[in-house]
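The analysis underlying the following values was restricted to heavy atoms, covering all of them including side chains, and did not include hydrogens, waters or symmetry mates.
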Amino acid sequence: MAKKRAREADGAAEAPDKMVEDGDSSDDEDFDMVNVDFEWFNFDPEIDFHGSKALLRQLLDVDAQLFDISGLADLILSQPTIGSTVKVDGKETDAYALLTALNLHEHRDKKPVAELTKYISDKAEANEALAGIPDLLSSGKHVGLVVSERLINMPSEIAPPMYSMLIDEIEAAVEDKEPYEFSHYLILSKTYHEMESNLDVEERKRKKGKQDATLYYFHPEDEVLQKHAVAYGSYDFTKIGEAIADSKRAFQEMGVMPRGHMILIEASKFADAAKAVNEYLSPPS
């Protein structure tokens, strides 16, 4: 089995390459135990293009149509020793999760990055909690955009080793004089809240009254990362209005409204943030 290394080129120490996920045991005989082996790999341009595109589309949700997703995937794959993919059926299959970091300043002249940077700035300007991000992105500082996404049913326990490996890989890259010495890390993520269907909404309001929307996280580690952030906040997707079809929620009283989310962490605090994620999410030994 191919093992994920911190830096394959210089023979750095191997990172943990496999995790076994067991299904919860139950007294109900109708439930079977499921064992899944998760394997970590470097990005491979020959294999990971389509899987990376699919995860990027999921991360950017309805606004994915605003970007050159193929170009973003190509850029991620062009730096194979920075970041990880997680797979379950060997290296030749599509990734179930990915995590990497892109230098927004280094790639500022590339169209996919320029479009994404402008989008991030525009969204940040509309949220007072994120107001400092546009100035940071235009300051010439090297900001690492952390791109993290996984399939919905993937366990959150895969996040700690991915962040640990990313930090090791970036440290090794900096030692090799590669452009990964960041001033900040900007994590792009998603949140969601439940929303009422428009069908018979007035009738239900009379029955139970209006309820405040509760914020939920697609990635549980985001709650931990925020504790180390200088800024964080959510924003509405530009195309969300075109994507909401009430017919999709016709048979339930509550639907799900996804939102974009940003977390800005100073580089000096990123390792501690990753350590806190590890403490919060690592499976019991």
- Task: Start with the C-alpha gap between H219 and S156, add the side-chain angles, then the distance that decides, and say whether side-chain contact (heavy atoms from CB on, under 4.5 Å) holds.
- Result: CA-CA 7 Å; H219 298 165; S156 57; over 6 Å; no
- Chi angles and distances behind the salt bridge (charged side-chain N to carboxylate O under 4.0 Å, His left out) call for D44, K91: CA-CA 9 Å; D44 188 328; K91 183 179 179 180; 3.5 Å; yes
- Task: Decide side-chain contact (heavy atoms from CB on, under 4.5 Å) for L98 and S148; before the verdict, give the C-alpha distance in whole Å, the side-chain angles of both, and the deciding distance to 0.1 Å.
- Result: CA-CA 6 Å; L98 64 78; S148 174; over 6 Å; no
- Full working for side-chain contact (heavy atoms from CB on, under 4.5 Å) between Y96 and I158: CA-CA 11 Å; Y96 281 39; I158 67 169; over 6 Å; no
- Task: Please report the C-alpha distance between Q226 and Y217 in whole Å, then the side-chain angles of each, then the deciding distance to 0.1 Å, and finally whether the side chain to side chain donor-acceptor pair (under 3.5 Å) criterion is met.
- Result: CA-CA 12 Å; Q226 287 178 179; Y217 296 85; 3.2 Å; yes
- Task: Before giving the answer on side-chain contact (heavy atoms from CB on, under 4.5 Å), spell out for E169 and T81 the whole-Å C-alpha distance, their side-chain angles and the decisive distance to 0.1 Å.
- Result: CA-CA 7 Å; E169 291 160 354; T81 58; 5.9 Å; no
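Y192 and F218 have tilted rings, their planes meeting at an angle from 30° to 60° on a 0 to 90° scale.
Summarising the geometry, atom NZ belonging to K53 is positioned 8.5 Å from atom CD1 belonging to I69; distances are rounded to the nearest 0.5 Å. Annotation: the span from Q79 atom CD to N103 atom CG amounts to 9.0 Å, rounded to 0.5 Å. Here the OG-CG distance, from S121 to L137, works out to 4.5 Å after rounding to the nearest 0.5 Å. To the nearest 0.5 Å, atom OH of residue Y235 and atom CD of residue E125 are 14.0 Å apart. Atom CD1 of I120 sits about 10.5 Å away from atom CG of L130, to the nearest 0.5 Å. Note that CG of N278 and OH of Y163 are 12.5 Å apart. Values are rounded to the nearest 0.5 Å.
With salt bridges taken as basic N to acidic carboxylate O contacts below 4.0 Å, one links K87 and D48. Of the charged side-chain nitrogens involved, at least one lies within less than 4.0 Å of a carboxylate oxygen, so that K190 and D61 count as a salt-bridged pair. Between R259 and D236 there is a salt bridge, since a side-chain N of the basic residue sits under 4.0 Å from a carboxylate O of the acidic one. Salt-bridge annotation for R150 and E221: present, with a side-chain N of the basic residue lying under 4.0 Å from a carboxylate O of the acidic one.
The shortest non-hydrogen separation linking L136 to S139 is O-OG, 2.6 Å. Across all non-hydrogen atoms, the minimal contact from I167 to A271 is CD1-CA, 3.6 Å. The minimum heavy-atom distance linking L55 with A95 is given by the pair CD1-O, 3.9 Å. Taking every heavy atom of both residues into account, L72 and L116 meet most closely at CD2-CD2, 4.3 Å. Smallest separation of non-hydrogen atoms from L77 and F49: CD1-CA, 3.6 Å. Closest non-hydrogen pair, I170 versus A101, comes out as CD1-CB, 4.2 Å.
At distances below 3.5 Å, not a single donor-acceptor pair connects side-chain atoms of H193 with backbone N or O atoms of L215. Judged by distance alone, the side chain of D63 and the main-chain N or O of L66 form no donor-acceptor pair under 3.5 Å. Side-chain atoms of E115 never come within 3.5 Å of backbone atoms of F67 as a donor-acceptor pair (strictly under, hydrogens ignored). A distance-only check finds a donor-acceptor pair linking the side chain of S138 to the backbone of D135 [under 3.5 Å]. Although no hydrogens or angles enter the test, the distance criterion places no donor-acceptor pair under 3.5 Å between the side chain of E266 and the main chain of H184. Distance alone, capped at 3.5 Å, places no donor-acceptor pair between the T191 side chain and the H261 backbone. Judged by distance alone, with hydrogens and angles left aside, the side-chain atoms of T85 form a donor-acceptor pair with the main-chain N or O of F41 at under 3.5 Å. Judged by distance alone, with hydrogens and angles left aside, the side-chain atoms of T93 form a donor-acceptor pair with the main-chain N or O of G90 at under 3.5 Å.
Within a 6.0 Å sphere centred on OH of Y232, heavy atoms belonging to other residues, nucleotides or ligands number 12 at most.
Note on I47: it does not cluster hydrophobically with F38, by side-chain heavy-atom contacts below 4.5 Å among ILVMFWY residues.
When side chains are defined from C-beta on, V147 counts as touching L56, because their heavy atoms get closer than 4.5 Å. Between Y180 and E106 there is no side-chain heavy-atom pair separated by less than 4.5 Å. A 4.5 Å side-chain heavy-atom check between I265 and L225 finds at least one atom pair inside the cut-off. For the pair L99 and S84, the minimum side-chain heavy-atom distance is 4.5 Å or more. Using a 4.5 Å heavy-atom threshold, the side chains of L188 and L60 count as touching. The shortest distance between side-chain heavy atoms of V86 and E39 does not fall below 4.5 Å. Counting heavy atoms from C-beta outward, L264 and I187 have side chains that stay 4.5 Å or more apart. Side-chain contact between D222 and I263 is present, with at least one heavy-atom pair separated by less than 4.5 Å.
With 3.5 Å as the limit, one finds a donor-acceptor pair spanning the side chains of K110 and H107.
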